[in-house]
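What follows is one structure encoded as structure tokens, with my remarks underneath.
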Amino acid sequence: DTGVSQNPRHKITKRGQNVTFRCDPISEHNRLYWYRQTLGQGPEFLTYFQNEAQLEKSRLLSDRFSAERPKGSFSTLEIQRTEQGDSAMYLCASRRHGSTEAFFGQGTRLTVV
Amino acid sequence: KQEVTQIPAALSVPEGENLVLNCSFTDSAIYNLQWFRQDPGKGLTSLLLIQSSQREQTSGRLNASLDKSSGRSTLYIAASQPGDSATYLCAVARFIQGAQKLVFGQGTRLTINP
């Protein structure tokens, strides 16, 4: 499968714990995005990478959130000291340079209890 | 600030009907508009992408139109089937603060009744 891959698909964690999600984009795509989607809403932009450089972070991304893309390939999104309000679907998307079409992964559903 | 609105929020129709989903956006400076399908608890599947210079795109029973001047797009589904039941999201691609981003509507939850 050459699509965008996200792991894990589901994560249940206790409040206060740290969690990390992984995204593997389509191989030739150098643009990578993280979005967050809460129940009944459309996805909202969190952060954006061009190769390994994180070029922008939304104000939605508090200091408890950190994202990396160390070699310009896969990316990780870490949430420290999780809160119940962090419960959401976290979606990753990638895009090829020169194209305007984004491709999404299946998402990681986080539940904080 | 770009806002995207989808109407209706939910729609339930009998199988076989043709239907139209609506999407409106406030800023016409867009790169493209994409329609996505989302099944419950799943990620987004791209259905159609209309470049800003285009007026419509077709794929099978789906047809999407774009009118930038009025800030509107429609997704037409012909001969609906129960398997079409899902949430449909539209998103506009804009260049905001140094990055191309998608701005999404809240979606239309579609139910096709057998």
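Worth knowing before you read on, the calculation uses all heavy atoms, side chains too, and leaves out hydrogens, waters and symmetry mates.
At least one test fails for A:Arg95 against the ring of A:Tyr33: distance under 6.0 Å to the centre or angle within 45° of the axis.
In the displayed structure, A:Arg9 atom CZ is contacted under 6.0 Å by more than 12 heavy atoms of other residues, nucleotides or ligands.
Formation of a donor-acceptor pair under 3.5 Å by the A:Thr47 side chain with backbone atoms of A:Glu56 is found in this model.
Using a 4.5 Å cut-off between heavy atoms, B:Leu89 contacts chain A through its side chain alone, with no backbone atom that close. Only the side chain of B:Leu49 comes within less than 4.5 Å of a heavy atom of chain A; its backbone N, CA, C and O stay farther away. In this structure, chain B has a heavy atom under 4.5 Å from the side chain of A:Gln37, while its backbone stays farther away. For B:Gln51, the part sitting under 4.5 Å from any heavy atom of chain A is the side chain, from C-beta outward, and nothing else. With a threshold of 4.5 angstrom between heavy atoms, A:Tyr35 approaches chain B through side-chain atoms but not through N, CA, C or O.
For chain A, the option among B:Ala91, B:Ala9, B:Cys90, B:Gly41 with the highest count of heavy-atom pairs below 4.5 Å is B:Gly41.
Residues A:Glu44 and A:Gln41 have side chains that never bring a donor and an acceptor to within less than 3.5 angstrom of each other.
At least one side-chain heavy atom of A:Phe74 sits under 4.5 Å from a side-chain heavy atom of A:Arg22.
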